[in-house]
Protein chains: 2
Amino acid sequence: MYEQNVTALLRDRGFKVTPQRLAIYSVLAATRSHPSAEMIFSELQPHYPTMSLATVYKTIEILKEIGLVQILNVGEDSFRYDARTHNHPHVRCMKCNRVDDLEDVDSNEFIDRVAGSTAYRITGQQFYFYGICPECQSAEKNH
Amino acid sequence: MYEQNVTALLRDRGFKVTPQRLAIYSVLAATRSHPSAEMIFSELQPHYPTMSLATVYKTIEILKEIGLVQILNVGEDSFRYDARTHNHPHVRCMKCNRVDDLEDVDSNEFIDRVAGSTAYRITGQQFYFYGICPECQSAEKNH
DNA sequence: TTTACTGCAAAGTGTTTGCAGGTAC
DNA sequence: GTACCTGCAAACACTTTGCAGTAAA
């Protein structure tokens with residue numbers, strides 16, 4: 001289902017469909033952990049021993065172009081990638097650095113209010129929250 | 001006034017007060033352009049011919065520690081710095097890459113709503129908007 | 001006089017690019 | 001068969017670090 005979608009979208013835009021591209025998208029589509037390029041690479045390495053980081057980066061660039069991936073910049077050294085492309089806020093744990101979605105929140109009223117108060121023509125946005133995840137909060141208490 | 005504040009804060013925390021540190025903070029306090037390290041460096045170069053980028057980075061780290069500067073990550077290759085440390089949304093023009101403050105917006109209701117809907121303990125946030133600034137919109141029309 | 005800072009150069013990190021061999025179509 | 005892709009290695013851009021000389025306190 002996912003793969004069909006990717007295959008069609010790649011072909012439509014004149015990109016070739018390769019095992020590497022499908023594999024990279026599959027990793028992103030199957031996780032909610034917002035992996036970095038390095039994490040995607042490490043996950044694929046066992047199954048695709050010749051996979052290279054360069055291919056991961058090149059593929060992500062294409063996936064972004066055809067709208068299948070969004071790029072996150074949660075204030076770390078590296079970018080993270082998300083196959084859930086509908087815009088939603090993200091939260092990063094400052095202890096363990098995990099990044100989670102905040103999908104239960106309706107941001108539209110806030111976005112409209114901002115768009116209405118600036119002379120910019122707003123075309124997109126990213127909301128990043130920072131804090132301590134439930135697991136790390138528990139760990140703190142057991143001390 | 002600004003300098004007094006910086007001087008006191010540096011001394012209180014055991015940091016030495018140097019011309020370089022005051023100059024770097026002055027640049028940040030005097031602008032709303034959210035400069036990168038490179039921009040700060042270029043602005044100071046004529047007045048402080050021996051100034052180095054390393055000093056800019058080291059100083060910003062200290063200014064962040066004592067709460068005089070916040071670090072922005074608007075999705076570019078480099079970080080940008082802001083001496084207005086009260087939390088406010090930012091907007092970047094995708095044409096000319098200028099970054100502006102969005103200070104007319106009250107984000108508190110939105111932040112509270114998010115904090116209430118997640119199991120994370122929220123400690124901070126950054127809101128980035130993307131769009132086209134008024135100048136670049138005008139430029140588009142004159143074509 | 002002590003302690004910390006500056007600024008150079010070198011190292012480090014994540015990402016991008018060039019290109020020769022290989023694969024999709 | 002053509003055009004595009006992969007994956008290696010090298011290049012790149014930004015940031016950090018090590019260290020010898022220097023300045024703040």
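Lettering follows sequence order; numbering is per chain, from 1.
- For the pair A:K64 NZ and C:dT16 C1', the computed distance is 13 Å after rounding to whole Å.
- The distance from atom CD1 of B:I24 to atom P of C:dC5 is 13 Å, rounded to the nearest whole Å.
- Closest non-hydrogen pair, A:V6 versus A:Y25, comes out as CG2-CD2, 3.1 Å.
- Among pairs with a residue in residues 122-132 of chain B, those fulfilling side-chain hydrogen bond (donor to acceptor under 3.5 Å, both in side chains) read B:Q70-B:Q126, B:N87-B:Q125, at least two apart in sequence or across chains.
- As rounded to whole Å, 13 Å separates atom P of D:dC5 from atom CZ of A:R13.
- Looking at A:R98 and A:D100, a side-chain N of the basic residue comes within less than 4.0 Å of a carboxylate O on the acidic one, giving a salt bridge.
- Contacts between residues 31-46 of chain A and DNA chain D, defined by a heavy-atom separation below 4.0 Å, involve no residue at all.
- Atom CG in B:L22 sits about 14 Å away from atom C1' in D:dA23, given to the nearest Å.
- A close approach under 4.0 Å does occur between a side-chain nitrogen or oxygen of B:Q20 and OP1 or OP2 of C:dG7.
- One finds a side-chain N or O of B:T50 lying less than 4.0 angstrom from the OP1 or OP2 phosphate oxygen of C:dG7.
- Residue pairs meeting the side-chain hydrogen bond (donor to acceptor under 3.5 Å, both in side chains) criterion with at least one partner in residues 105-118 of chain A, sequence neighbours excluded, are A:D106-A:N108, A:E109-A:R113.
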*Kindly indicate, with the supporting measurements, whether the criterion side chain to side chain contact (heavy atoms under 4.5 Å, CB included) is fulfilled by A:H86 and A:E103.*
CA-CA 10 Å; A:H86 72 278; A:E103 299 197 87; 2.9 Å; yes
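- OP1 or OP2 of C:dT6 lies within a sub-4.0 Å distance of a side-chain N or O belonging to B:R21.
- B:V69 places none of its side-chain heavy atoms less than 4.5 Å from the side chain of B:D82.
- Shown here are the side-chain hydrogen bond (donor to acceptor under 3.5 Å, both in side chains) partners of B:E65, two or more places apart in sequence or in another chain: there are none.
- Put simply, the side chain of B:Y81 does not reach to within 4.5 Å of the side chain of B:L72, judged on heavy atoms.
- Of the candidates D:dC8, C:dA9, C:dT6, the closest approach to any side-chain atom of B:A54 belongs to C:dA9.
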*Taking it one step at a time, do A:E140 and A:K95 satisfy salt bridge (charged side-chain N to carboxylate O under 4.0 Å, His left out)?*
CA-CA 10 Å; A:E140 277 175 354; A:K95 281 249 155 98; 2.7 Å; yes
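- C:dT16 atom P lies 11 Å from atom NZ of A:K58, rounded to whole Å.
- Taken residue by residue, residues 73-82 of chain B places heavy atoms nearer than 4.0 Å to DNA chain D at B:D77, B:S78, B:F79.
- For residues 40-53 of chain B, the set of pairs meeting the side-chain hydrogen bond (donor to acceptor under 3.5 Å, both in side chains) definition, not counting sequence neighbours, comprises B:S52-B:T55.
- To the nearest angstrom, P of C:dT17 lies 15 Å from CG of A:L53.
- Axis orientation changes by 40° from one end of the helix from C:dT1-D:dA25 to C:dC25-D:dG1 to the other, with each end axis drawn from 5 pairs and the value rounded to 10°.
- We find that OH of A:Y57 is positioned 13 Å from C1' of D:dA13, with the value rounded to whole Å.
- Between B:M94 and B:R92, some side-chain heavy-atom pair lies under the 4.5 Å cut-off.
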*Where along nucleotides 20-25 of chain C does protein come under 4.0 Å, by heavy atom, of base (B) or sugar-phosphate alone (S), with - for untouched nucleotides?*
----BS
Between side-chain atoms of residues 14-24 of chain B and protein atoms elsewhere (two or more places apart, or another chain), which donor-acceptor pairs fall under 3.5 Å?
from, atom 1, to, atom 2, distance (Å)
B:T18, OG1, B:R21, N, 3.2
B:R21, NH1, B:K16, O, 2.8

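- Residues B:L28 and B:I40 form a side-chain contact, since some pair of their non-hydrogen atoms from C-beta on lies under 4.5 Å apart.
- In this structure, B:S33 and B:V99 have side chains that are not in contact, with every pair of non-hydrogen atoms separated by 4.5 Å or more.
- Between the OH atom of A:Y48 and the C1' atom of D:dC5 there is a distance of 15 Å, given to the nearest Å.
- Considering only residues two or more places apart in sequence or on other chains, A:H34 meets the ring-ring contact (aromatic ring centres under 6.0 Å, His included) condition with A:H90.
- When each of A:S52 and B:E61 is assigned the nucleotide of DNA chain D with its nearest heavy atom, A:S52 is the one assigned upstream, toward the 5' end.
- In this structure, B:T55 reaches the bases: a heavy-atom distance under 4.0 Å links it to at least one base atom across the strands shown.
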*A:K58 and A:E61: salt bridge (charged side-chain N to carboxylate O under 4.0 Å, His left out), yes or no, with the steps?*
CA-CA 5 Å; A:K58 287 168 185 167; A:E61 177 62 29; over 6 Å; no
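- Grouped by direct or indirect side-chain proximity (heavy atoms under 4.5 Å, Ile/Leu/Val/Met/Phe/Trp/Tyr only), B:Y120 sits with A:V91, A:L102, A:V105, A:F110, A:I111, A:V114, A:Y120, A:I122, A:F127, A:F129, B:V91, B:L102, B:V105, B:F110, B:I111, B:V114, B:I122, B:F127, B:F129.
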Where do N or O atoms of nucleotides 20-22 of chain D meet protein N or O atoms at under 3.5 Å, pair by pair?
none

